Amino acid sequence: MKKGIIIGILQKYLGDKEKLDEVLGRVKEMGYEAIQYIIPDYVTPEEYKALLDKHGLKYLCVGAKFQAMSENPQAIQDAIKLSDLFETDYIDIDTLPVENRKSVEGYKEYAKKLNAVGAEVKKAGKKLLYHPHALEFASFGDGLIGLDILIRETDPEVINFILDTHWMSCGGVVLADWIRKVEGRMKIIHFKDYAIEPGIESCEQVNKRFAEVGQGNIDWPSVVAACKETGVEYAVVEQDSCYDLEPYGCAQRSYDGMVKYGV
């Protein structure tokens, strides 16, 4: 597997084109090979691509608003054109709407919309990427979980997934099992650890933290083994908050953690 990073972890160092250039250079020096991040509003897509090329960094996927794509054919074409610019086959979409999260029928309805848009991007050789958080592990009884529905009801040739180790942990599932569930439909996975804060006063209180790879409670050997077994190509570091820690240090510790566990 190759190592990528979502540079939102380094948000405090971004803000203009020059700073973006510096951040990209720093993560390349650490050893990261790929980037997943929005196109900042202070650079054009072409300028962003040029900076990525300058530092030899792969841009893994472009982002798109799914509602716009489902309502406007031009939004689909715009996403395809953007993915061509960044030389990627993947279009990352946002989380299913609140109204679809409450029932099995809601998940099935959303899956139909995914398939409809997916059929259009498929014509251009592209795939949609869906990134589950904890909410998709909603339990509907008799062992049925929301994400099961999305996996089962969507076209495996065009709807792919980006699982996230932290959010799977929040969902209370066995991470390696779910990685295997999407075998053939996941080339990118988000790596971030799941840590519990020390010193909690109430025994029923759960204070969890986002943590660097290897700094929490995730069983990384089993996760890495499942990723390799199922053909995952990119392990992408994400850390939604560094709290009081220095962000570059967090990025380096996650990189070192991935090396430790054989990524």
Side-chain angles (χ1 to χ4, degrees), residues 4 6-8 34-41 44-45 48-49 59-138 140 144-164 166-168 170-171 178 181-182 184-190 192 232-234 236 238 240:
I6 297 176
I7 57 173
I35 294 295
Q36 188 184 349
Y37 188 61
I38 60 172
I39 301 172
D41 58 10
T44 66
Y48 195 14
K49 179 64 165 62
Y59 195 62
L60 292 176
C61 57
V62 300
K65 295 296 184 182
F66 182 73
Q67 182 173 348
M69 294 176 74
S70 63
E71 296 175 352
N72 183 1
Q74 185 58 49
I76 297 175
Q77 296 307 312
D78 290 345
I80 291 170
K81 183 178 179 181
L82 193 62
S83 67
D84 285 341
L85 172 65
F86 284 96
E87 300 178 271
T88 178
D89 292 335
Y90 294 110
I91 300 170
D92 186 26
I93 57 173
D94 38 348
T95 306
L96 79 164
V98 174
E99 59 267 23
N100 291 106
R101 303 174 189 175
K102 300 175 182 179
S103 67
V104 171
E105 291 72 23
Y107 273 82
K108 287 183 177 181
E109 178 186 352
Y110 185 71
K112 289 180 181 178
K113 293 180 179 180
L114 285 175
N115 288 332
V117 174
E120 295 302 313
V121 303
K122 185 178 180 179
K123 295 174 184 177
K126 308 297 182 179
K127 295 184 178 183
L128 296 180
L129 289 180
Y130 187 86
H131 170 39
H133 294 75
L135 66 89
E136 288 87 356
F137 293 96
F140 289 105
L144 180 62
I145 290 175
L147 186 55
D148 278 319
I149 302 168
L150 293 184
I151 294 171
R152 185 182 64 217
E153 299 287 334
T154 53
D155 181 354
E157 293 187 4
V158 71
I159 310 300
N160 277 24
F161 296 90
I162 305 180
L163 296 182
D164 182 301
H166 181 95
W167 294 120
M168 284 192 285
C170 291
W178 279 82
K181 276 193 177 189
V182 293
R185 302 179 69 177
M186 183 170 72
K187 298 301 181 183
I188 305 165
I189 188 171
H190 287 176
K192 61 172 174 271
V232 175
E233 296 176 357
Y234 288 92
V236 178
E238 182 180 27
D240 302 57

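The structure displayed is predicted, hence computed values, not measured ones.
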Chi angles and distances behind the side chain to side chain contact (heavy atoms under 4.5 Å, CB included) call for His190, His166: CA-CA 8 Å; His190 287 176; His166 181 95; over 6 Å; no
Closest contact, heavy atoms only, Ile80 versus Glu120: CD1-O, 4.4 Å
Least distance between heavy atoms, His131 atom then Glu238 atom: NE2-OE1, 4.2 Å
Value rounded to 0.5 Å, distance of NZ in Lys108 from CZ in Arg152: 6.0 Å
Non-hydrogen side-chain atoms of Ile93 and Val117 separated by less than 4.5 Å: no
Separation between CG of Asn100 and OG1 of Thr95, rounded to the nearest 0.5 Å: 11.5 Å
Parallel, tilted or perpendicular: rings of Trp167 and His133 (30°, 60°): tilted
Interatomic spacing from CE in Met69 to CG in Asp78 - rounded to 0.5 Å: 9.5 Å
Non-hydrogen atoms of Ile91 and Ser83 that approach each other most closely: CG1-CB, 4.4 Å
Side chains of Ser70 and Lys113, donor plus acceptor under 3.5 Å: no
Donor-acceptor pair, side chain of Asp92 and main chain of Gly63, under 3.5 angstrom: no
Heavy-atom side-chain proximity of Phe161 to Trp178 below 4.5 angstrom: no
Exercise: identify the closest heavy-atom pair between Val232 and Ile189: CG1-CG2, 3.8 Å
Minimum-distance pair of heavy atoms, taken over all atoms of Val236 and Gln36: CG1-OE1, 4.1 Å
Value rounded to 0.5 Å, distance of CD1 in Ile39 from OG1 in Thr44: 9.0 Å
pair Leu163-Lys181: side-chain heavy atoms closer than 4.5 Å: no
Candidate list Leu150, Leu144, Ile145, test side chain to side chain contact (heavy atoms under 4.5 Å, CB included), partner Tyr107, passing option: Leu150
Note, Lys126 side chain near Asp84 side chain (heavy atom, < 4.5 Å): yes
Ring center gap for Tyr90 and Tyr234 short of 6.0 angstrom: no
Glu71 CD: over 12 foreign heavy atoms closer than 6.0 Å: yes
CD1 on Ile159 to CD on Glu153, rounded to 0.5 Å: 12.5 Å
Phe86 and Tyr59 aromatic ring geometry - parallel, tilted or perpendicular at 30°/60° bounds: tilted
Exam field: side chain Asp94 to backbone Phe66, donor-acceptor pair closer than 3.5 Å: yes
Lys122 versus Asp155, closest heavy-atom pair with distance: NZ-OD2, 3.8 Å
Side-chain heavy atoms of Leu135 within contact of Leu96, under 4.5 Å: yes
Check: Thr88 side chain, Leu60 main-chain N or O, donor-acceptor pair, under 3.5 Å: yes
Separation between CG of Leu128 and SG of Cys61, rounded to the nearest 0.5 Å: 11.5 Å
Expected output: side-chain Asn160 to main-chain Val182 donor-acceptor under 3.5 Å: no
